[in-house]
Amino acid sequence: MKAIAINGSPRKKWNTSTLLENVLVGAKGSGADTELVHLYDLTYSGCISCFACKKIGGKSYGRCAVKDDLKPLLDSIAKADVLILGSPIYFSAETGEMRSLLERLLFPYLTYTPEYTTIFPGKLATAFIYTMNIKEEQFATYGYDQIFAMTKDAMMRVFGNCETLLSTDTYQFDDYSKYLTTAWDPLAKAKRRQDVFPQDCQRARELGERLVQTAVAR
């Protein structure tokens with residue numbers, strides 16, 4: 001049993017990576033071997049529209065043909081049992097690195113058939129963790145529900161499943177006085193970090209356990 005968590009944040013020791021680490025704690029406690037990958041350590045691009053993954057009889061049919069730092073990771077994902085993606089929200093979307101990964105990860109498995117059916121060969125239990133600065137009650141204002149739903153739908157179309165975990169109103173800095181952040185109350189942010197973020201971490205650990213159970217049952 002192999003669980004891979006992928007950090008789409010440039011920060012290796014903050015909200016997104018912390019939640020992913022907790023997911024892997026839960027997965028490891030349920031018997032999985034675990035790996036955490038930081039996307040910002042890799043050099044790669046998004047889809048280059050070569051369509052080699054769609055060429056009938058081609059040597060890269062159903063697989064991304066681009067050879068860069070992402071290729072070994074894509075190969076590992078195809079053989080894994082659990083996949084957890086994590087990203088902060090930047091300008092109402094996943095980070096650029098995460099979007100590029102999603103293009104390269106999902107497109108080769110989708111067929112240009114009427115139902116856009118998947119040819120993913122494995123059985124993968126998946127989840128997406130989002131961290132963001134806004135509060136949950138602001139989702140409708142910024143259209144975040146649609147953002148999360150679109151990515152989840154793409155993951156489900158390819159892998160058949162996807163859970164979502166949201167961590168909102170996150171703590172961004174150790175010292176808010178060093179930055180121009182008058183839109184927020186630093187004390188309220190610190191209190192939420194102390195009171196609510198540990199609950200998010202617990203939910204992440206439970207998610208890791210649940211994903212392993214799902215993978216075993218598939």
Side-chain angles (χ1 to χ4, degrees), residues 3-29 34-44 46 69 73 83-103 126-152 155 162-211:
I4 300 176
I6 301 179
N7 178 25
S9 169
R11 306 172 82 176
K12 295 182 179 180
K13 291 294 180 182
W14 208 248
N15 300 313
T16 305
S17 62
T18 298
L19 291 173
L20 290 171
E21 288 168 358
N22 275 275
V23 170
L24 293 183
V25 167
K28 188 172 184 178
T34 63
E35 180 182 2
L36 176 60
V37 178
H38 299 286
L39 282 184
Y40 279 75
D41 285 345
L42 308 180
T43 300
Y44 62 97
D69 287 356
L73 176 58
L83 173 66
I84 312 100
L85 305 179
S87 176
I89 295 292
Y90 287 178
F91 287 99
S92 300
E94 298 90 356
T95 60
E97 273 70 8
M98 179 56 71
R99 290 300 308 178
S100 291
L101 168 66
L102 288 171
E103 291 174 3
T126 75
F128 209 118
I129 293 177
Y130 290 97
T131 60
M132 67 212 75
N133 187 50
I134 71 169
K135 299 178 181 179
E136 194 164 342
E137 54 265 31
Q138 296 175 290
F139 283 1
T141 301
Y142 293 96
Y144 275 30
D145 283 340
Q146 294 180 350
I147 297 165
F148 305 142
M150 289 176 64
T151 300
K152 182 176 182 178
M155 294 282 287
C162 182
E163 291 199 46
T164 303
L165 190 153
L166 308 177
S167 181
T168 62
D169 196 11
T170 52
Y171 196 60
Q172 293 175 286
F173 322 105
D174 285 324
D175 187 350
Y176 274 69
S177 68
K178 295 180 179 179
Y179 306 91
L180 180 58
T181 57
T182 52
W184 305 300
D185 178 353
L187 295 179
K189 284 282 191 181
K191 180 171 175 54
R192 183 171 179 85
R193 174 75 173 191
Q194 177 180 327
D195 296 344
V196 178
F197 192 68
Q199 299 175 27
D200 293 340
C201 291
Q202 176 60 33
R203 290 193 296 130
R205 291 190 291 274
E206 293 170 356
L207 173 62
E209 295 171 359
R210 193 163 58 249
L211 288 170

Under 3.5 Å donor-acceptor, [X] side chain and [Y] backbone:
| X | Y | value |
| --- | --- | --- |
| D145 | A140 | no |
| Q202 | P198 | no |
| D69 | T43 | yes |

Option from I129, V23, I84 for which side-chain contact (heavy atoms from CB on, under 4.5 Å) with L165 holds: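 By the side-chain contact (heavy atoms from CB on, under 4.5 Å) criterion, L165 pairs with just one of I129, V23, I84: I129.
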Test side-chain contact (heavy atoms from CB on, under 4.5 Å) applied to P88 and T16, N7, T170, N133, the passing residue: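 Of T16, N7, T170, N133, side-chain contact (heavy atoms from CB on, under 4.5 Å) with P88 is met by T16 alone.
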Taking all atoms of both residues into account, what is the closest heavy-atom pair of [X] and [Y], and its distance?
| X | Y | value |
| --- | --- | --- |
| A5 | L20 | CB-CD2, 4.1 Å |
| A3 | L24 | O-CD2, 4.1 Å |
| L101 | Y44 | N-CE1, 4.2 Å |

Trace of the side-chain contact (heavy atoms from CB on, under 4.5 Å) decision for Y176 with L187: CA-CA 9 Å; Y176 274 69; L187 295 179; over 6 Å; no
Sequence neighbours excluded - salt bridge (charged side-chain N to carboxylate O under 4.0 Å, His left out) pairs with any residue from residues 9-27: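 Salt bridge (charged side-chain N to carboxylate O under 4.0 Å, His left out) check on residues 9-27 returns K12-D41, K13-E21.
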Pairs where residues 165-177 contributes a residue and the test salt bridge (charged side-chain N to carboxylate O under 4.0 Å, His left out) is met, not counting sequence neighbours: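 Sorted result for residues 165-177: D169-K189, D169-R192.
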For residues 90-98, tabulate all N or O donor-acceptor pairs below 3.5 Å that involve a side-chain atom, not counting sequence neighbours.
unit_1	atom_1	unit_2	atom_2	d
E94	OE1	R99	NH1	3.2
E94	OE2	Y130	OH	2.7
E94	OE2	T151	OG1	2.6
T95	OG1	G8	O	2.6
T95	OG1	M98	N	3.3
E97	OE1	Y40	OH	3.0

side-chain contact (heavy atoms from CB on, under 4.5 Å) assessment of Y171 paired with W184: CA-CA 10 Å; Y171 196 60; W184 305 300; over 6 Å; no
Heavy-atom side-chain proximity of K178 to F173 below 4.5 angstrom: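 Sidechains of F173 and K178: no contact.
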Sub-4.5 Å side-chain heavy-atom contact between V196 and T168: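 Heavy-atom side-chain distance check fails, nothing below 4.5 Å.
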Pair N15-T131, side-chain donor/acceptor within less than 3.5 Å: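 Looking only at side-chain atoms, T131 and N15 do not form any donor-acceptor pair under 3.5 Å.
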N22 and R203: side chain donor to acceptor below 3.5 Å: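 The criterion, which ignores hydrogens and geometry beyond distance, is not satisfied for R203 and N22.
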Derivation of the side-chain contact (heavy atoms from CB on, under 4.5 Å) call for I89 and I134: CA-CA 9 Å; I89 295 292; I134 71 169; over 6 Å; no
Verdict with supporting geometry, I6 and L73, side-chain contact (heavy atoms from CB on, under 4.5 Å): CA-CA 10 Å; I6 301 179; L73 176 58; 3.9 Å; yes
Distance, nearest 0.5 Å, that separates OG1 of T126 from CG of L83: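 T126 atom OG1 to L83 atom CG measures 6.5 Å (nearest 0.5 Å).
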Test applied, ring-ring contact (aromatic ring centres under 6.0 Å, His included); reference residue, F148; option that passes from F128, Y142, F139: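 Looking at F128, Y142, F139, the match for F148 under the ring-ring contact (aromatic ring centres under 6.0 Å, His included) is F139.
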